[in-house]
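This report refers to the structure that appears directly beneath it.
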Amino acid sequence: MDTKKTKEKTLPDIQDITICDSTGQMIEKARKDGVELCFDRSATMKACPIGADSACCKHCAMGPCRLNAKDPYAKVGVCGATIDTIQARNFGRMIAAGAAAHTDHGMAMLDLFREVVNGKITDYTIKDPIKLNEVAASIGIETEEKTTEEVAHALYEELERTYTQVEGEVPFAKRVPPKTLETWRKLDIVPRGAMREIMEMMHRTHMGVDQHYENIMKQGNRTALSDGWGGSMVATEISDILFGTPVPVAAEVNMGVLKENQVNIIIHGHEPNLFESMMASVNSPALTQAAKDAGAEGLNLVGMCCSGAEMLSRHGIPHAGNFTSTEAIMVTGAVDAMAVDVQCIQQGLSKVADCYGTYLFTTNPRCHIENTEHIEFHEDDPSSCTDEVVIKAISRFKSRKYPVQIPNIRNTGIHGFSYEYINYMLGGTFRGSYTPLNDNIINGRIRGVAGVVGCTNPRVKQDWVHVELVKELIRNDVLVLQTGCSQIALAKEGLCSPEAAYLAGPGLSEVCEAVGMPPVLGMGSCVDNSRILIAASEMVKVGGLGESIAELPVAGAAPEWMSEKAISIGQYFVASGVYTVFGVTFPVTQNTRFHDLLFNGLEKQGLGKWGFTPDPYEMAQKMIAHIDAKRKALGIHKTRERKLVDMAERRELA
Ligand code: NFS
Ligand code: SF4
């Protein structure tokens, strides 16, 4: 029997795997080439049903213990742990791991900032002193009559507390709307320092420590908040200060950004410093000449995943695709080098790179991959790493052995809607404010705001859930804010361009046309979800939409999530007061007390709540129903009864 043929027969059809045409073409080519990608691995690796329900525990060697999700209270672990304890511990550890990833990234940015301020690192500077002052002022640092350097020193000292503080409240707690903060204080979940919270979460979830699911989740909330209002927010703010705050920029996405006659270099990962330095290397005259000498028309630098999304937003660097396309893109044969740093780097990249002769490099001491060359990146001498990657890429271009097949698909959109720019865009230079946004929500043109974020996951049709959900939301006049791999999914479908306003409902499309903005605003990478938190706080501050984030007509979603970081993000949105719906699967057993806590109980405590459905239309319905309920509670639901806009109203808007 031909086993290869049998296996091929059981593989799903490409139209069931992705709606991304270029990725589909590459899956097809990979199958012909006998190369396995994550999509086909996920088809042959069935998810473990017990793990999917979070009904197992391996926290000690009396186990591992498996409970039965169908009859969750029939059994307990050897130690006596109930299903609620086991699930809460598993969930708590996912939050801790996700929060650790974001906060370690944020701390690396802060380390860099410190050394730049101290003059020890000279390849980077403070590019945005205005933002520096704004961030400093927002946490109570006196900026008047101080030099940039003095403010920077003071800001470093303050922000270090985000990580190391053992008692007190993280600095960015000062940005939280007072009523939301009051709820947190009452519940005793205001984060102290991220290191402390993550350590305590790990301690409490050790065998035989915290065995009350509600108490475990209390620490889960506090740990997640130390990410959203801590580590992630520091990562965003410091990156803006060092590399510039994004303003809208037109840019291209999709695999067609690769160029056959150029040396193609991809940066994939999460930390912007590697990418910034790589930009310097590809712009160096010597290396450009070297590329020409090798017969190339030039050096083509493109991004993927979150560092790609960040550079797309900040500098308009082309973006080649989201998480599940990172292996597929090498199947083009056109990728001369791919350099990765941390997070969402599939180990499978190594094998695919091998099959197509792509140079794959790890660059961060935190992330090595077996059989992959490591060229460490040091901020005090960045070009020694980035130049070498370019040189290796040029040598690969010169001896390209594999046929090149680049899907000829590119999509243009506008990216880079920072919180600050939205302020400016809606309010103008002299009265920059969120008042027009609130006004348009109150008058019903905009029904509410949704944050649609997160990964792609080979367990569902790539990009499809994101795209269908967002189309449904904007059709119903819900303004969509986006980050991460989700933003790239929508950009590939053309929804990040102002022309996409025609897909929006009458109210939202009017606003989009008046302002010239797309109905879908791309804000950057996953740590930039902190921009959404700040925007939400500002909406509360401006007034008319309640006193806490929990009262706003807003909702969040991660329709194709896969990472522990997504769970941490989801939990910090929930703890901030936002209804947050996840797709794919939810790592909790239904019909348990713990499930009820996440999906109902937290809301009763004054926080937000979780929702789940893999279906994009149902997801949209859930989010819209929530937004409508909030509108009703605010007494602004009647304004939406108006369906068609007459000329007088159009004039009034203009
Ligand atoms: Ni976010 Fe970024 Fe993408 Fe998911 Fe991974 S790249 S931090 S985790 S897969 S959105
Ligand atoms: Fe089993 Fe309890 Fe040990 Fe978990 S901690 S493996 S439930 S005995």
Side-chain angles (χ1 to χ4, degrees), residues 38 50 54-67 75-90 93-94 97-106 204-211 216 227-228 231-232 235-236 267-272 303-313 319-327 340-346 451-460 462-463 466 482-490 522-530 557-570 582-584:
C38 62
I50 303 161
S54 195
C56 53
C57 176
K58 55 181 178 63
H59 290 199
C60 88
M62 297 190 284
C65 301
R66 296 188 304 176
L67 271 52
K75 275 208 285 186
V76 293
V78 175
C79 67
T82 64
I83 186 79
D84 294 309
T85 298
I86 287 173
Q87 302 181 83
R89 287 195 303 213
N90 290 341
R93 286 202 170 184
M94 290 182 90
H102 288 141
T103 52
D104 198 30
H105 164 181
R204 286 212 210 172
T205 52
H206 185 277
M207 184 271 149
V209 187
D210 203 348
Q211 284 148 119
I216 294 170
D227 173 357
S232 280
T236 295
I267 304 294
H268 160 28
H270 284 78
E271 298 194 342
M304 291 192 89
C305 270
C306 272
S307 35
E310 198 165 327
M311 300 306 272
L312 173 78
S313 295
H319 195 291
N322 51 24
F323 170 66
T324 34
S325 298
T326 51
E327 290 176 317
V340 301
D341 51 33
V342 288
Q343 301 175 19
C344 305
I345 319 293
Q346 300 193 64
V452 180
V453 306
C455 327
T456 55
N457 182 329
R459 298 236 172 259
V460 297
Q462 184 193 15
D463 298 343
H466 290 291
Q482 286 215 289
T483 61
C485 292
S486 183
Q487 179 178 333
I488 306 308
L490 271 295
M523 300 184 101
S525 66
C526 276
V527 289
D528 295 332
N529 283 321
S530 60
E560 302 181 20
W561 77 281
M562 64 86 197
S563 83
E564 291 167 314
K565 288 180 288 174
I567 292 289
S568 177
I569 292 169
F582 269 36
V584 191

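Counting begins at 1 with the first residue of the sequence. Just follow the structure's listing: the first ligand is 1, and inside any ligand the first atom is 1. Side-chain atoms are counted along with the backbone in the values below, which use heavy atoms only and exclude waters and symmetry mates.
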With respect to atom 2 (Fe) of ligand 1, please indicate if Cys305 possesses an N, O or S atom at a distance under 2.8 Å.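 No, since none of the N, O or S atoms of Cys305 sits under 2.8 Å from atom 2 (Fe) of ligand 1.
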
Do any of the N/O/S atoms of His270, backbone or side chain, fall under 2.8 Å from atom 2 (Fe) of ligand 1?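 True for His270.
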
Hey, which atoms in ligand 1 end up nearer than 4.0 Å to a heavy atom of [X]?
X	answer
Cys485	3 (Fe), 6 (S), 9 (S), 10 (S)
Gly454	10 (S)
Met562	9 (S)
Cys455	4 (Fe), 8 (S), 9 (S), 10 (S)
Ser563	8 (S)

Matching residue for Arg89 among Ile216, Val209, Asp84, Asp210 - test: side-chain contact (heavy atoms from CB on, under 4.5 Å):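 Per the side-chain contact (heavy atoms from CB on, under 4.5 Å) rule, the option paired with Arg89 is Ile216, out of Ile216, Val209, Asp84, Asp210.
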
Interatomic spacing from CD1 in Ile569 to SG in Cys455 - rounded to 0.5 Å: 7.5 Å

[Y] versus [X], side-chain donor and acceptor atoms under 3.5 Å:
X	Y	result
Thr456	Glu560	no
Ser530	Ser232	no
Gln462	Asn322	yes
Ser568	Asp227	yes

Starting from [atom], find the nearest protein heavy-atom neighbour and note its residue, name and distance.
atom	value
atom 5 (Fe) of ligand 1	Cys344 SG, 2.2 Å
atom 1 (Ni) of ligand 1	Cys526 SG, 2.3 Å
atom 2 (Fe) of ligand 2	Cys79 SG, 2.3 Å

Considering the heavy atoms of Met62, write down every atom of ligand 2 situated less than 4.0 Å from one of them. 8 (S)

Is the distance between atom 1 (Fe) of ligand 2 and the nearest N/O/S atom of Cys65 smaller than 2.8 Å?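 It does: Cys65 brings an N, O or S atom closer than 2.8 Å to atom 1 (Fe) of ligand 2.
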
Ala566 heavy atom under 4.0 Å from ligand 1: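 Judged by the 4.0 Å heavy-atom criterion, Ala566 does not count as contacting ligand 1.
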
Do the rings of His270 and His105 sit parallel, tilted or perpendicular, given the 30° and 60° boundaries?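 Perpendicular, since the angle between the ring planes exceeds 60°.
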
Under the criterion side-chain contact (heavy atoms from CB on, under 4.5 Å), I'd like the reasoning laid out for Val584 against Met562: C-alpha separation, chi angles, the key distance, then a yes or no. CA-CA 8 Å; Val584 191; Met562 64 86 197; over 6 Å; no

Any Glu327 side-chain heavy atom under 4.5 Å of Gln346 side chain: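 Yes. Closest side-chain heavy atoms under 4.5 Å.
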
Closest to atom 7 (S) of ligand 2 among Cys57, Pro64, Gly63, Ala61 (heavy-atom distance): Cys57

N/O/S atom of Cys60 inside 2.8 Å of atom 3 (Fe) of ligand 2, strictly under: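 It does: Cys60 brings an N, O or S atom closer than 2.8 Å to atom 3 (Fe) of ligand 2.
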
Side chain, backbone, both or neither: the part of Gln211 lying under 4.0 Å from ligand 2 by heavy atom: neither

Checking Gln487 side chain against Met523 main chain: does a donor-acceptor pair fall under 3.5 Å? yes

